[in-house]
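Working notes, structure below.
Sequence positions, counted from 1, serve as the residue numbers for this chain.
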Amino acid sequence: MPFFALTLDDDGQGEPKRIEFTADDPHRAFFILEKEKTGRKAILWQDEKRLGALQRTENGVWQIAG
């Protein structure tokens, strides 16, 4: 099963952290990030490859950036 990680910086809304998980695909990252404050930005990694940045807006909409 693939290995993924989410990294969150110290952004004034929360402390820096790294969350590691295994899953069939990166979709599980959205469920994990639901526990974080709206507006926090996370970088999604698969092994050592950066997949992109994820951020939930004030309206609850997910933004995905490369």
Side-chain angles (χ1 to χ4, degrees):
M1 193 169 293
F3 174 82
F4 297 96
L6 290 162
T7 55
L8 294 92
D9 292 332
D10 181 1
D11 56 6
Q13 297 183 27
E15 303 223 356
K17 65 171 98 173
R18 179 180 173 92
I19 303 166
E20 300 176 348
F21 63 98
T22 57
D24 291 327
D25 59 49
H27 180 255
R28 184 166 176 227
F30 293 109
F31 296 107
I32 294 169
L33 291 174
E34 287 291 328
K35 298 174 186 171
E36 298 296 328
K37 290 185 179 181
T38 299
R40 289 207 76 189
K41 182 178 179 182
I43 306 299
L44 178 61
W45 302 85
Q46 181 174 2
D47 297 316
E48 300 297 320
K49 181 181 178 186
R50 183 183 190 273
L51 298 180
L54 307 171
Q55 185 173 24
R56 190 167 32 137
T57 68
E58 294 293 325
N59 297 328
V61 177
W62 287 101
Q63 293 179 335
I64 303 173

Locate the shortest heavy-atom distance separating M1 from T22; write the atom from each residue and the value. SD-C, 4.0 Å
Residue pair W45 / T7: nearest heavy atoms and the distance that separates them: NE1-OG1, 3.1 Å
Nearest 0.5 angstrom please: I32 CD1 to H27 NE2, how far? 11.5 Å
Quick one: NZ on K41 to CG on L6, what's the gap to the nearest 0.5 Å? 13.5 Å
Same apolar cluster: L44 and L8, side chain cutoff 4.5 Å: yes
Kindly write out the residues that satisfy side-chain hydrogen bond (donor to acceptor under 3.5 Å, both in side chains) with K17, not counting sequence neighbours, or none if the list is empty. E36
Taking atom CD of E48 as the centre, report whether more than 12 heavy atoms of other residues, nucleotides or ligands fall under 6.0 Å from it. no
Given 3.5 Å as the limit, does a donor-acceptor pair link the side chain of R40 with the main chain of R56, or not? no
From E58 CD over to T38 OG1, what is the distance, rounded to the nearest 0.5 angstrom? 6.0 Å
ILVMFWY cluster, F3 and L54 together (side-chain gap under 4.5 Å): no
F30: which residues meet the ring pair (Phe, Tyr, Trp, His ring centres under 6.0 Å) condition with it, sequence neighbours left out? W62
T57 OG1 to Q63 CD distance, which is reported to the nearest 0.5 Å: 6.0 Å
Does N59 reach the main-chain N or O of V61 with its side chain, forming a donor-acceptor pair under 3.5 Å? no
Atom of P2, atom of Q46 and distance for their closest heavy-atom approach: CB-NE2, 3.6 Å
Please name the pair of heavy atoms, one in Q55 and one in G39, separated by the smallest distance, quoted to 0.1 Å. NE2-O, 2.6 Å
Count the heavy atoms belonging to other residues, nucleotides or ligands that lie under 6.0 Å from CD of E34, then report whether that count exceeds 12. yes
With clusters defined by side-chain heavy atoms of hydrophobic residues (ILVMFWY) lying less than 4.5 Å apart, directly or transitively, does I43 cluster with F4? no
